[in-house]
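Here the structure is laid out as structure tokens; the discussion comes afterwards.
These numbers come from the heavy atoms of this one structure, side chains and all, not from hydrogens, waters or symmetry mates. A note on names: the letters A, B, ... follow the listed sequences, proteins ahead of strands, and every chain is numbered from 1.
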Amino acid sequence: MLALSFIREHPEVVRAGAARKGEEAPVDAILELDREHRTALAEVEGMRAEMGRRSAELGKSARSEPAAADQARQSLAGLKSRISELDAKRKLLWDRLEELLLLVPNPPHQSVPQGVGDEDNVVVRTWGERPHFDFQPRTHYDLGEQLGIFDFERAVKISGSRFAMLRGKGARLERALSWLMLDLATRDHGYEEVAPPYMVSRECMVGTANLPKFEEDAFHVVEGDRFLIPTAEVPVTNMYRGEVLDGARLPIRHVAWTPCWRSEAGAPGKDTRGYIRLHQFSKVELVKFVHPEESLAELESLVQDAESVLQALGIHYRVRLMCSGDMGFAQWKKYDIDAYAPGLDRFLEVSSCSVFGDFQARRANIRFRTGGGRPEFVHTLNGSALALPRTLDCLLETYQTAAGTVVIPEALRPYLGAMTEIS
RNA sequence: GGGGAGGUGGCUGAGUGGCCGAAAGCGCCCGCCUGCUAAGCGGGUGACGGGGGUUAACCUCGUCCGAGGGUUCGAAUCCCUCCCUUCCCGCCA
């Protein structure tokens, strides 16, 4: 959410920012409502001030002059009903204003390239090289089926399409990957691990801007009006909702390994084959709360922290700076990390790292205070490090052998009882 | 699920109808003192929003004592609903 005062003072910036994202912000409606609301507010407050004054006088004189007090009581009752009538109208204006404010997208940072879609994203670096095979590399789903580590058919039998199941060494391999990711984050990069709830309240979803605009993307649990988390970003960012943090504690870094649920309603027919796009998948997520001046630098280090996983695994990847039209509603600046899958011969998005400025902090009311100063909004960031299914896919396809087995990369062996190969 | 107690500022915690945006302490800020540090002494210090202002300091008005309603001229204080915390009982991995 943007500050109303910011929209008031820079309406053209807000309009242009939305346009860069290919969206529209209801700026004119907001400004009009804001004017009406402030007029009403001034009137109501003036009447309240008078009410308060006369009420206090009445309290003092009630005993000494009972007749006059009675008359004052009646006239105040009239004033009171006029106030509540006017205030009800004022409240209506405010509610509409708040609804519209939640629909204004975060304008992209100036360093974000202008663009409308995937082709306008900018590759900022690549790491490693495409692995070379002297045979035709298989896809992860062919490999996995032959090795008996995927059981897609039974997953569909149990839960329907877009659900998957790992078994045996596959399940263990994904767990090992998760543990490696958690260890890198906690041991090497200073993140505190948290194990958050997998269901959250509506308020949390609004705080991270998954609601109200994107309700159809999430699974709703009717009982208790809760939502299955689409990412650990939601519970972890909301950990400090409504709090004033000690500025000396910043930056706060958290890592969480959780399942994620997404309805994927807007993606029919895309990536239907394989272990790629699922209603439920597991992910290691990094979340940071930082000083406003440091947030852009913290984004760079966040991306590096995510990259370190692929480097440890020796998987070829590229980092792309997302163009304005390919960013989300709430993001200020965003990088994607795409790992290469030789069998599919394409890059798979395994991470998305974003900085939100104070956009989420404003919605969730997360502030900090340094010394005796006034509270300020923190800046929030998050990124996957990494999404498990696609990382597993790239690993299988990268480390496959001509015989159809998969060699375990060195970094993972300690987590697999020194297993060197899946066969 | 049943019954009791409770939710007050960054934190702890007083406050049962007007003198309360709220005692006291902690923390924090400024100053003094102490040749370091700690302690001590004095003063200051809630948030959000509107209006004014040389747009900074500041002045002024309103709202806020878990959330939402209600009673009253007037509510942190009384009533109702909900949420949460905690204790006892029941149930249960």
Side-chain angles (χ1 to χ4, degrees), chain A residues 1-10 30-102 195-207 221-227 235 238-250 252 289 291 358-359 361-378:
Chain A
M1 172 161 76
L2 300 177
L4 179 55
S5 58
F6 181 83
I7 299 175
R8 198 184 290 150
E9 283 155 33
H10 310 283
I30 287 172
L31 292 178
E32 178 58 29
L33 275 171
D34 177 41
R35 268 191 298 273
E36 287 178 39
H37 176 258
R38 274 186 296 163
T39 306
L41 185 64
E43 201 175 341
V44 169
E45 288 187 350
M47 288 164 79
R48 283 230 172 92
E50 190 193 341
M51 178 97 180
R53 257 194 319 274
R54 286 169 59 186
S55 205
E57 283 164 20
L58 168 61
K60 284 188 194 123
S61 65
R63 225 162 300 170
S64 51
E65 304 167 63
D70 252 14
Q71 203 174 11
R73 249 190 280 275
Q74 272 176 28
S75 118
L76 281 179
L79 180 58
K80 186 197 168 187
S81 71
R82 265 180 291 142
I83 290 177
S84 55
E85 199 177 309
L86 219 111
D87 194 50
K89 282 187 198 153
R90 195 223 96 233
K91 182 94 182 357
L92 221 67
L93 291 170
W94 183 250
D95 289 346
R96 277 190 2 234
L97 192 51
E98 274 197 316
E99 272 171 44
L100 291 184
L101 279 176
L102 288 177
Y198 300 158
M199 276 191 249
V200 295
S201 67
R202 185 171 282 276
E203 272 178 298
C204 289
M205 295 287 279
V206 172
V221 180
V222 174
E223 166 67 35
D225 190 28
R226 282 182 270 262
F227 294 84
N238 277 284
M239 279 172 65
Y240 303 110
R241 181 151 52 84
E243 295 189 29
V244 178
L245 302 165
D246 178 0
R249 283 182 58 204
L250 301 180
I252 295 172
F289 304 83
H291 272 106
D358 64 10
F359 194 80
R362 239 172 234 292
R363 286 177 165 240
N365 194 23
I366 307 167
R367 295 176 295 171
F368 72 98
R369 188 202 302 270
T370 308
R374 327 188 98 243
E376 275 184 80
F377 288 108
V378 299

Taking atom P in both G69(B) and U63(B), what distance in whole Å separates the two? 15 Å
When only distance counts, do a donor and an acceptor, one from the side chain of E45(A) and one from the base of G49(B), lie under 3.5 Å apart? yes
First locate atom CZ of R82(A), then atom CD of E43(A), and finally report the distance between them rounded to the nearest 0.5 Å. 10.0 Å
Nearest-Å distance for atom pair CZ/P, residues R35(A) and G49(B): 20 Å
Nucleotide forming a Watson-Crick or wobble pair with U12(B), both distances under 3.5 Å: A24(B)
Nearest whole angstrom, please: distance from the P of G9(B) to the CG of N365(A). 14 Å
Is the shortest distance from a Lys or Arg side-chain nitrogen in R48(A) or E45(A) to a carboxylate oxygen in the other one below 4.0 Å? no
Contact class for R362(A) vs. all strands (heavy atom < 4.0 Å): base, sugar-phosphate, or nothing? nothing
RNA chain B: T370(A) or P375(A), which has the more 5' nearest nucleotide? T370(A)
What is the base-pairing partner of G18(B), counting Watson-Crick and G-U wobble geometry with both distances under 3.5 Å? C73(B)
For atom P, what is the distance between U55(B) and C73(B), given to the nearest Å? 46 Å
Using the C1' atom as the reference point in each nucleotide, state the distance between C28(B) and G15(B) in Å, no decimals. 25 Å
Distance between P atoms of U34(B) and U16(B) (Å, rounded): 46 Å
Answer whether the closest heavy-atom distance between the side chains of V200(A) and N238(A) falls below 4.5 Å. no
How do G59(A) and R53(A) order along RNA chain B: which one's closest nucleotide is nearer the 5' end? G59(A)
Taking atom P in both U72(B) and U60(B), compute the distance separating them and give it to the nearest angstrom. 34 Å
Within residues 69-85 of chain A, the residues having a heavy atom closer than 4.0 Å to RNA chain B are R73(A), L76(A), K80(A)
Using a heavy-atom cut-off of 4.0 Å across all strands, would you classify R374(A) as base, sugar-phosphate, or nothing? sugar-phosphate
Starting from C1' on G46(B), measure out to CZ on F368(A) and report it in whole angstrom. 18 Å
Please confirm whether the shortest side-chain N or O distance from R48(A) to OP1 or OP2 of C61(B) is below 4.0 Å. no
Gap in Å between the two C1' atoms, one belonging to G46(B) and one to U12(B), rounded: 15 Å
With both distances kept under 3.5 Å, what pairs with C92(B), Watson-Crick or G-U wobble? none
Whole-Å distance separating the CD atom of E57(A) from the C1' atom of C19(B): 15 Å
Non-neighbouring partners of F6(A) that pass ring pair (Phe, Tyr, Trp, His ring centres under 6.0 Å), sequence neighbours left out: H10(A)
If you apply the rule side chain to side chain contact (heavy atoms under 4.5 Å, CB included), what do you find for L97(A) with I30(A), and how did you get there? CA-CA 6 Å; L97(A) 192 51; I30(A) 287 172; 3.8 Å; yes
Roughly how far apart, to the nearest Å, are A47(B) and G40(B) at atom P? 27 Å
Gap in Å between the two C1' atoms, one belonging to C29(B) and one to C84(B), rounded: 34 Å
Roughly how far, to the nearest 0.5 Å, is NE2 of H37(A) from CZ of R90(A)? 4.0 Å
Taking C-beta and beyond as the side chain, do R73(A) and D70(A) meet within less than 4.5 Å on heavy atoms? yes
Pair assignment for G6(B), Watson-Crick or G-U wobble, requiring both distances under 3.5 Å: C84(B)
How close do Y240(A) and I252(A) get, heavy atom to heavy atom, and via which atoms? OH-CG2, 3.9 Å
Per A49(A) side chain, nearest of listed nucleotides C61(B), G18(B), G51(B): C61(B)
With a 3.5 Å limit on both atom pairs, tell me what U63(B) is paired to, counting Watson-Crick and G-U wobble, or say none. A47(B)
Rounded to the Å, how far apart are R369(A) CZ and U45(B) P? 14 Å
Please give, in whole Å, the distance from G51(B) P to R8(A) CZ? 6 Å
Pick base, sugar-phosphate or nothing for R367(A), based on heavy-atom distances below 4.0 Å to the nucleic acid. sugar-phosphate
Separation of atom CD in E98(A) from atom C1' in G49(B), rounded to whole Å: 12 Å
Could you state the CG-C1' distance from L250(A) to G10(B), rounded to the nearest angstrom? 14 Å
Name the nucleic acid region contacted by L58(A), choosing base, sugar-phosphate or nothing; use a 4.0 angstrom heavy-atom cut-off, strictly under. base
Pair K91(A) + D87(A), salt bridge at N-O below 4.0 Å: no
